[in-house]
Amino acid sequence: MTVSLKQARIIIRETLTKGRAEGFKPLSVVVLDAGGHVKAFEREDGASPGRFGIAHGKAYGSIMLGIAGTAQMARAETQAYFMTSVNGVFGGQVVPVPGGILLKDAMETVIGAVGVTGDTSENDVIAARAGIEAAGLTAEV
């Protein structure tokens with residue numbers, strides 16, 4: 001199983017809606033499938049152009065390592081050498097901070113990942129949760 005295009009679009013739409021409702025800075029959201037490939041991406045007006053790389057790195061690290069951004073950050077803090085090595089393996093594409101979220105279906109199977117960036121990591125996660133829940137999926141942050 002993998003996240004569908006319909007689910008990806010719902011996640012993005014509702015994540016951005018939540019961000020605007022909360023007054024967050026302009027967000028960028030990427031949804032990756034279970035293989036780490038981009039399913040969908042949007043960058044709000046006013047978001048800096050480099051946000052794709054950050055959003056992608058958050059989601060990519062989550063799907064490739066099988067752990068969400070919060071756990072990646074904790075690992076980076078306690079074992080910096082490990083995360084540095086992992087980032088080398090993945091060509092520098094991993095951004096190990098909150099806002100990288102694993103997507104799980106009703107059976108708790110990982111079916112993709114979401115990366116959100118633009119505001120604080122905490123606010124990125126708040127917005128993402130709203131989008132993921134709207135798509136009927138579970139978030140592992």
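Source: prediction; values computed, not measured.
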Problem - Shared hydrophobic cluster, V114 / V141 (ILVMFWY, side-chain heavy atoms < 4.5 Å) - result: yes
Handout entry: Donor-acceptor contact below 3.5 Å, side chain T2 vs main chain A34
Key = yes
Exercise for the section: Spell out, yes or no, whether I111 and I12 are grouped together once hydrophobic residues are joined by side-chain heavy atoms under 4.5 Å, including indirect joins. Expected result: yes
Exercise for the section: Check whether any side-chain N or O of T70 sits under 3.5 Å from a backbone N or O of P98 as a donor-acceptor pair, and report yes or no. Expected result: no
Exercise for the section: Would you check if E77 and M73 make a side-chain contact, meaning some heavy-atom pair closer than 4.5 Å? Expected result: yes
Problem - Side-chain touch L16/E42, heavy atoms, less than 4.5 angstrom - result: yes
Exercise for the section: Check the hydrophobic clustering (I, L, V, M, F, W, Y; side-chain heavy atoms under 4.5 Å; chains of links allowed) and say if L137 and L102 are grouped together. Expected result: no
Practice task
Answer yes or no: is there a side-chain heavy-atom contact under 4.5 Å between L27 and R43?
Solution key: no
Exercise for the section: I would like to know whether V116 and V125 meet side-chain contact (heavy atoms from CB on, under 4.5 Å); could you show each step before the answer? Expected result: CA-CA 7 Å; V116 179; V125 169; over 6 Å; no
Handout entry: Check: F90 main-chain N/O paired with Q93 side-chain donor or acceptor under 3.5 Å
Key = yes
Practice task
Measure from the side-chain N and O atoms of D33 to the backbone N and O of V38, and report whether any donor-acceptor pair falls under 3.5 Å.
Solution key: no
Handout entry: Side chains of S62 and Q72, donor plus acceptor under 3.5 Å
Key = yes
Handout entry: Nearest-0.5 Å distance that lies between atom CZ in F52 and atom OG in S28
Key = 10.0 Å
Practice task
Validate the cation-pi geometry between R75 and F82: distance from NZ or CZ to the six-membered ring centre under 6.0 Å, angle to the ring axis within 45°.
Solution key: yes
Exercise for the section: Supply the atom-to-atom distance D124 CG to E122 CD, rounded to the nearest 0.5 angstrom. Expected result: 10.0 Å
Practice task
Check whether any side-chain heavy atom of K58 sits under 4.5 Å from a side-chain heavy atom of V97, and report yes or no.
Solution key: yes
Exercise for the section: Any chance you could measure D105, atom CG, to T138, atom OG1, to the nearest 0.5 Å? Expected result: 8.0 Å
Practice task
Look only at the side chain of D119 and the backbone of K25, and say whether a donor-acceptor pair between them is shorter than 3.5 Å.
Solution key: yes
Handout entry: Shared hydrophobic cluster, V31 / L5 (ILVMFWY, side-chain heavy atoms < 4.5 Å)
Key = no
Fill in the blank from the handout: In this structure, OG1 of T117 is separated from CG of N123 (nearest 0.5 Å) by 11.5 Å
Exercise for the section: Start with the C-alpha distance between T15 and R129, add both sets of side-chain angles, then the distance that settles side-chain contact (heavy atoms from CB on, under 4.5 Å), and finish with yes or no. Expected result: CA-CA 7 Å; T15 297; R129 279 186 184 274; over 6 Å; no
Problem - Whether Q7 side chain and S4 backbone form a donor-acceptor pair below 3.5 Å - result: yes
Exercise for the section: Would you please test E22 and K18 for salt bridge (Lys or Arg N to Asp or Glu O under 4.0 Å) and show each step? Expected result: CA-CA 6 Å; E22 296 291 330; K18 178 68 171 178; 3.0 Å; yes
Exercise for the section: Answer yes or no: is there a side-chain heavy-atom contact under 4.5 Å between Y60 and V95? Expected result: no
Exercise for the section: Flag yes if more than 12 heavy atoms outside K39 fall under 6.0 Å of its NZ atom; otherwise flag no. Expected result: yes
Problem - Over all atoms of both residues, closest heavy-atom pair of V3 and L32 - result: CG1-O, 3.6 Å
Practice task
For S85 and Y81, indicate whether the former's side chain and the latter's backbone hold a donor-acceptor pair under 3.5 Å.
Solution key: yes
Exercise for the section: Flag yes if more than 12 heavy atoms outside E108 fall under 6.0 Å of its CD atom; otherwise flag no. Expected result: yes
Practice task
State, with a plain yes or no, whether a side-chain heavy atom of R13 is found less than 4.5 Å away from one of V29.
Solution key: no
Practice task
Verify the cluster assignment for M64 and V30: are they in a single hydrophobic cluster under the rule of side-chain heavy atoms below 4.5 Å apart?
Solution key: yes
